[in-house]
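Each remark here refers to the structure printed beneath this line.
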Amino acid sequence: PADTLEELESLGERMAQWVGANPILVLGIAGLVLTLAAGVGGYRAYAHARSDRASTALAALHTEYVTAMGGKATDSEVPEPANPETAKTVRTDFASRYEQLGKEWNGTATGSLALLEAGELREKLGDGAKALELWLLAARSAAGDSPVLGVIQSRIGHFEEDRGDFEAAARAHD
């Protein structure tokens with residue numbers, strides 16, 4: 001035990017001597033570590049703030065859509081207007097607005113959700129080709145580990161099943 005203690009003390013003394021002989025190198029390494037930590041923290045704060053802005057924009061657009069369709073901002077489901085022309089006009093307008101929002105926030109879960117909604121509206125308008133195009137764009141822009149990707153792929157799969165293209169449906173569900 002005494003030998004081990006002497007070896008540890010000797011090692012500690014050598015390290016202290018080395019640090020004393022190389023203060024600029026030690027301070028440079030410490031500064032680099034602190035700079036990297038600040039950079040990572042700053043990036044995380046930026047990403048979180050960006051995500052919050054995207055979510056707020058999507059929520060505001062959804063509220064506008066529900067209101068334009070004749071509902072209240074607090075409605076959980078979008079009502080169907082009595083006038084079919086009103087529904088068509090509102091859906092057309094908001095499909096474009098959701099698509100624009102999705103492209104603006106490309107690469108985020110919010111952007112993918114906006115494109116998913118734009119596709120849903122295009123499908124309701126009878127434009128299945130444009131709906132599929134938007135869903136495929138949403139799938140490409142979603143992060144590989146995002147739960148949103150599973151929702152998008154499921155929607156694409158159901159659409160392909162409804163069209164009778166079971167091979168494409170199977171690929172989408174993969």
Side-chain angles (χ1 to χ4, degrees), residues 35-174:
T35 302
L36 286 173
V40 168
Y43 175 75
R44 284 186 173 177
Y46 165 76
H48 185 70
R50 184 174 188 264
S51 176
D52 284 349
R53 286 192 315 272
S55 294
T56 300
L58 181 61
L61 185 58
H62 180 72
T63 298
E64 286 180 48
Y65 173 60
V66 170
T67 304
M69 290 292 278
K72 292 181 276 181
T74 56
D75 289 349
S76 60
E77 291 190 27
V78 180
E80 188 64 29
N83 184 341
E85 271 307 307
T86 300
K88 181 179 180 183
T89 302
V90 170
R91 283 190 179 108
T92 302
D93 177 41
F94 278 88
S96 297
R97 292 175 66 185
Y98 274 111
E99 183 177 352
Q100 180 182 356
L101 182 72
K103 289 178 179 177
E104 182 180 331
W105 293 102
N106 187 30
T108 66
T110 301
S112 295
L113 286 171
L115 290 171
L116 178 68
E117 185 63 29
E120 294 287 337
L121 293 175
R122 292 292 180 193
E123 184 183 32
K124 287 179 182 177
L125 290 166
D127 191 355
K130 181 67 175 178
L132 182 59
E133 176 187 323
L134 290 167
W135 293 328
L136 291 171
L137 177 60
R140 283 191 304 273
S141 70
D145 61 345
S146 174
V148 173
L149 181 58
V151 173
I152 296 165
Q153 288 173 324
S154 176
R155 185 64 196 99
I156 292 168
H158 289 296
F159 179 78
E160 295 290 14
E161 284 175 16
D162 291 344
R163 287 191 341 171
D165 189 347
F166 298 109
E167 187 176 321
R171 280 193 310 271
H173 285 297
D174 229 358

S141 side chain to A138 backbone, donor-acceptor under 3.5 Å: yes
Look up atom [atom1] in [X] and atom [atom2] in [Y], then write down how far apart they are to the nearest 0.5 Å.
X	Y	atom1	atom2	value
D93	K88	CG	NZ	14.0 Å
L137	E133	CG	CD	7.5 Å
L132	L134	CG	CG	9.0 Å
E104	L58	CD	CG	11.5 Å
L115	N106	CG	CG	7.5 Å

Of all heavy-atom pairs linking S51 and T110, the shortest is O-OG1, 4.5 Å
Return each pair, listed once, that meets ring-ring contact (aromatic ring centres under 6.0 Å, His included) where at least one residue sits in residues 48-99; pairs must be two or more places apart or across chains. Y65-F94
Show every ring-ring contact (aromatic ring centres under 6.0 Å, His included) that has at least one partner inside residues 123-158, sequence neighbours left out. W135-F159, H158-H173
Donor-acceptor contacts, no H, no angles, side chain residues 67-77, under 3.5 Å, sequence neighbours left out:
| from | atom 1 | to | atom 2 | distance (Å) |
| --- | --- | --- | --- | --- |
| T67 | OG1 | T63 | O | 2.8 |
| D75 | OD2 | K72 | N | 2.8 |

Around atom CD of E80, are there more than 12 heavy atoms from other residues, nucleotides or ligands closer than 6.0 Å? yes
side-chain contact (heavy atoms from CB on, under 4.5 Å), that's the test. Do L101 and R97 meet it? Break it down for me. CA-CA 6 Å; L101 182 72; R97 292 175 66 185; over 6 Å; no
Using salt bridge (charged side-chain N to carboxylate O under 4.0 Å, His left out) as the criterion, list what pairs up with R171, not counting sequence neighbours. E167
Student check: side-chain heavy atoms of L149 and S112 closer than 4.5 Å: no
Output side-chain donor-acceptor pairs under 3.5 Å for residues 118-129, partner residues at least two apart or in another chain, one line each.
| from | atom 1 | to | atom 2 | distance (Å) |
| --- | --- | --- | --- | --- |
| E120 | OE2 | R155 | NE | 2.8 |
| R122 | NH2 | S96 | OG | 3.3 |
| E123 | OE1 | R155 | NH2 | 2.4 |
| E123 | OE2 | R155 | NH2 | 3.0 |
| D127 | OD1 | K130 | N | 3.2 |

Name all residues meeting the side chain to side chain contact (heavy atoms under 4.5 Å, CB included) criterion together with T56; count only those two or more places apart in sequence or in a different chain, and write none if there are none. none
